[in-house]
Amino acid sequence: TVTPPQFGLYGFGGTWLFEGRGVDPDMEVQNMPGDVVKGKDAQLEAAVSYLMDQLKKDPLSIPAPPPYPSKARPHGSDILKP
């Protein structure tokens, strides 16, 4: 089910409240409700397309993954002792 926002919040200071507002996007892409119901995500597709274009332009800009962390029990630890 897809539902649009239905109610706005009006604050005590005399202004509209925008709950959860993040940053403005660099590229605006609309997810149309009918496409969302069909499982299509235009925003995700635009992001992947943008990143693939960036990789074609500069494939060496991908940082190497960090070393894998040791998940061994610390020496002298009493974790899991009966």
Side-chain angles (χ1 to χ4, degrees):
T1 306
V2 177
T3 59
Q6 307 234 348
F7 305 100
L9 299 173
Y10 196 71
F12 291 118
T15 59
W16 289 101
L17 302 176
F18 295 98
E19 183 179 347
R21 180 170 175 93
V23 297
D24 291 328
D26 295 328
M27 174 185 355
E28 285 198 29
V29 179
Q30 295 293 321
N31 269 336
M32 301 307 291
D35 291 338
V36 173
V37 170
K38 294 176 189 172
K40 182 177 177 184
D41 188 333
Q43 293 172 337
L44 178 61
E45 291 172 7
V48 170
S49 176
Y50 171 79
L51 292 173
M52 295 304 287
D53 289 342
Q54 293 300 308
L55 286 173
K56 287 177 188 172
K57 292 178 186 175
D58 187 9
L60 299 178
S61 66
I62 302 172
Y68 195 76
S70 171
K71 295 185 178 182
R73 207 169 62 165
H75 181 68
S77 171
D78 62 355
I79 296 173
L80 300 176
K81 278 190 178 177

How would you list, by chain and number, every residue that makes a side chain to side chain contact (heavy atoms under 4.5 Å, CB included) with D41, sequence neighbours excluded?
N31, Q43, L44
Indicate every side-chain donor-acceptor pair of residues 48-60 with a distance under 3.5 Å to a residue at least two apart or in another chain.
none

Least distance between heavy atoms, A46 atom then M27 atom:
CB-SD, 4.5 Å
